[in-house]
Structures are given as structure tokens and as C-alpha cells.
Amino acid sequence: MRITPSVLNADFGHLADEIARVPSADAIHIDVMDNHFVPNLTLGLPVVQSLRQATTKPLDIHLMIEDPDRWAPAYAEAGSDAVTFHIEAAHAPVRLARELHSKSAKVGVALKPATSLADVTELLSEVDTVLLMTVEPGFGGQDFLNLVLPKISALRNLISAANLDIGVQVDGGVSRETIELCAEAGADIFVAGTAVFGADNPDAMVTALRAQADGAIERLIAAAAGLAA
Ligand code: DX5
Ligand code: ZN
């Protein structure tokens, strides 16, 4: 279970300091928005390049931009550990995934809440993670969309059936109230923005969220063992 705090709702004037507040994070989730794919504008390559110098934490880049085929490779070249692009925006997703891998980045493909898993089924063997948006992308602090839960389960089943080793990342409205639902459905990487950076102690919240996700899975396993016995 990996917790990847999003700095979207952190203090953009002190991003490196904000990242230093979550030493327990498995990676730092950076939301790149271009005001075209989503109605919000955040940061771009120069800031990611600077953050790469400022922290040794893995950087998990979530590109909410048009034409990732053109722009995504530079984020891999900048030393990002993982680069995730949206399937709705990519023109040649297989070629893009392979190009990102050739630049030594892990590759993620993201789906908006209403985008079907069918749009990425053929791509699964080419990626390391699938990011399922659990809010409409663009802003932090939105309510978790329960309607995505069946898609999380369906994706986990597809991955298991194909015997693939792929992370299932959820992003949007993930909190103490919703993380167990996501874990039970099959997610294993959790983006949390407001829940972490809105907390009095962000690092304690990272640890608490991970423990909750772990606990949910332990209970599932115990219940399954009980049924089998
Ligand atoms: C939204 C971003 C998310 C956002 C999550 O489009 O992709 O990463 O920061 O923020 P919360 O956790 O507040 O929903
Ligand atoms: Zn994100």
C-alpha cells in the first residue's frame, strides 16, 4: 500500500518545504494542469526540474494536459520516477508508453471517472500503473465519487486475470472516510491532497492512511480465510 500525497493544495510558494513535511510518503504526486485538458493551471517542467534538485523523494507526475505525446517525455528526462498521462488526451499511447520507458520512467495511464476500462485494456501490458480518477480532474478538495468503485474492482480483476504486475492508483477525495473502500475494491496506490496537507500533522496522516488501507486488506484476507475454513 503506497501513499502518494498530492501537493496541489499545499503552499505553492514553498513546495520543497511542503514536500519535506511528509517524509513517510512513498512518492510525491505532482499535478500538472494546462488549462485546456482541465479548467485549471498549475505548474510545468521548470518547476518539476527544480523539485528534482530539491528532494530525493520519488516524483509521481500526473499530467492533466493535452497532447502528452509531445510534452510527457521531457518529464521523464527531468528525472521523474513515474509519468502518468490521460488516455483521453493521448494520440499514440503505446508509442508514448514505450518512449517513457526508454527514458527510464515508470509509466501510468489515467482515466477520468466516466472513461471506460475498455479504452485501456490493450494498453495494460505496456504500463506500470493505472490511475483511476475518483473525482473529475482539475481541482483538489472535491467529494469522492463512489460510482468509480466498481471500476476499481473490475480493473483489479482484469489485472489478476492477465497475471500482470500493475499498480492501481486512485486520485481524488481519498481520505480517512474513503480509503478503505478503495483498498477493498483493489486499489494499492492512494493519492491524497487535502486529507494530507489539510491535516495538522501531514506526516502522521500519511502513516494513518497507510495503516487504514493495510487494515482493510488484512480484514478481507482474514474474512476470506474464515470462509475457506
Ligand atoms: C485532481 C488531482 C488530484 C488532487 C487530489 O485533479 O489530480 O491529485 O490533488 O486532491 P484531493 O485529495 O484533495 O481530492
Ligand atoms: Zn493527481
Side-chain angles (χ1 to χ4, degrees), residues 1-12 15 18-19 21-22 25-44 47-48 51 57-66 68 71-72 75 80-89 105-115 127-149 151-152 167-183 187-200 202-203 205-206 208-210 212-213:
M1 295 292 171
R2 285 182 269 166
I3 308 293
T4 56
S6 161
V7 293
L8 184 60
N9 281 65
D11 179 353
F12 267 34
L15 276 179
E18 293 283 72
I19 290 171
R21 293 173 73 200
V22 286
D26 294 286
I28 303 300
H29 183 85
I30 312 273
D31 291 302
V32 175
M33 304 186 188
D34 66 353
N35 215 17
H36 292 273
F37 183 71
V38 288
N40 195 5
L41 185 66
T42 53
L43 51 82
V47 175
V48 171
L51 289 175
K57 277 277 171 208
L59 297 180
D60 174 39
I61 310 297
H62 178 191
L63 297 174
M64 283 160 277
I65 61 173
E66 297 289 359
W71 303 110
Y75 288 85
S80 305
D81 298 80
V83 179
T84 295
F85 60 86
H86 270 265
I87 193 64
E88 302 89 350
K106 299 268 192 208
V107 177
V109 64
L111 288 76
K112 300 204 290 188
T115 300
V127 300
D128 303 289
T129 58
V130 177
L131 184 159
L132 296 181
M133 289 300 312
T134 41
V135 298
E136 289 290 356
F139 302 93
Q142 302 181 76
D143 287 341
F144 181 84
L145 294 173
N146 277 291
L147 62 88
V148 184
L149 287 169
K151 187 160 69 170
I152 300 173
V168 174
Q169 186 171 31
V170 286
D171 184 4
V174 175
S175 69
R176 307 251 359 206
E177 285 69 44
T178 58
I179 193 165
E180 292 181 27
L181 294 172
C182 297
D188 56 3
I189 313 172
F190 306 87
V191 180
T194 311
V196 168
F197 285 99
D200 291 337
D203 202 51
M205 181 57 73
V206 170
L209 287 168
R210 190 185 293 112
Q212 256 190 292

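We count ligands from 1, going down the list as the structure has it; atoms in each ligand are counted the same way.
- Looking only at distances, a side-chain donor or acceptor of Lys151 sits under 3.5 Å from a matching main-chain atom of Pro113.
- Under the 3.5 Å distance criterion, the side-chain polar atoms of Asp188 are left unmatched by any main-chain donor or acceptor of Met1.
- A donor-acceptor contact closer than 3.5 angstrom links the side chains of Thr115 and Glu88.
- Contact of the Val107 side chain with the Val109 side chain is not registered, since no non-hydrogen atoms from C-beta on lie closer than 4.5 Å.
- Sparse packing is recorded around CG of Asp143, with 12 or fewer heavy atoms of other residues, nucleotides or ligands lying under 6.0 Å away.
- Not one N or O on the side chain of Asp31 forms a donor-acceptor pair closer than 3.5 Å with the backbone of His62.
- Within a radius of less than 2.8 Å around the Zn ion (ligand 2), the protein N, O or S atoms are His29 NE2, Asp31 OD1, His62 ND1, Asp171 OD2.
- At least one side-chain heavy atom of Phe144 sits less than 4.5 Å from a side-chain heavy atom of Cys182.
- Residues lining ligand 1 at a heavy-atom distance below 4.0 Å are given as Ser6, Leu8, His29, Asp31, Met33, His62, Met64, Met133, Pro137, Gly138, Phe139, Gly140, Gly141, Asp171, Gly172, Gly173, Val191, Ala192, Gly193, Thr194, ordered by chain and residue number.
- Between Asp171 and Ser6 the shortest side-chain heavy-atom distance does not fall below 4.5 Å.
- Contact check for Leu43 versus Leu15: side-chain heavy atoms found under the 4.5 Å cut-off.
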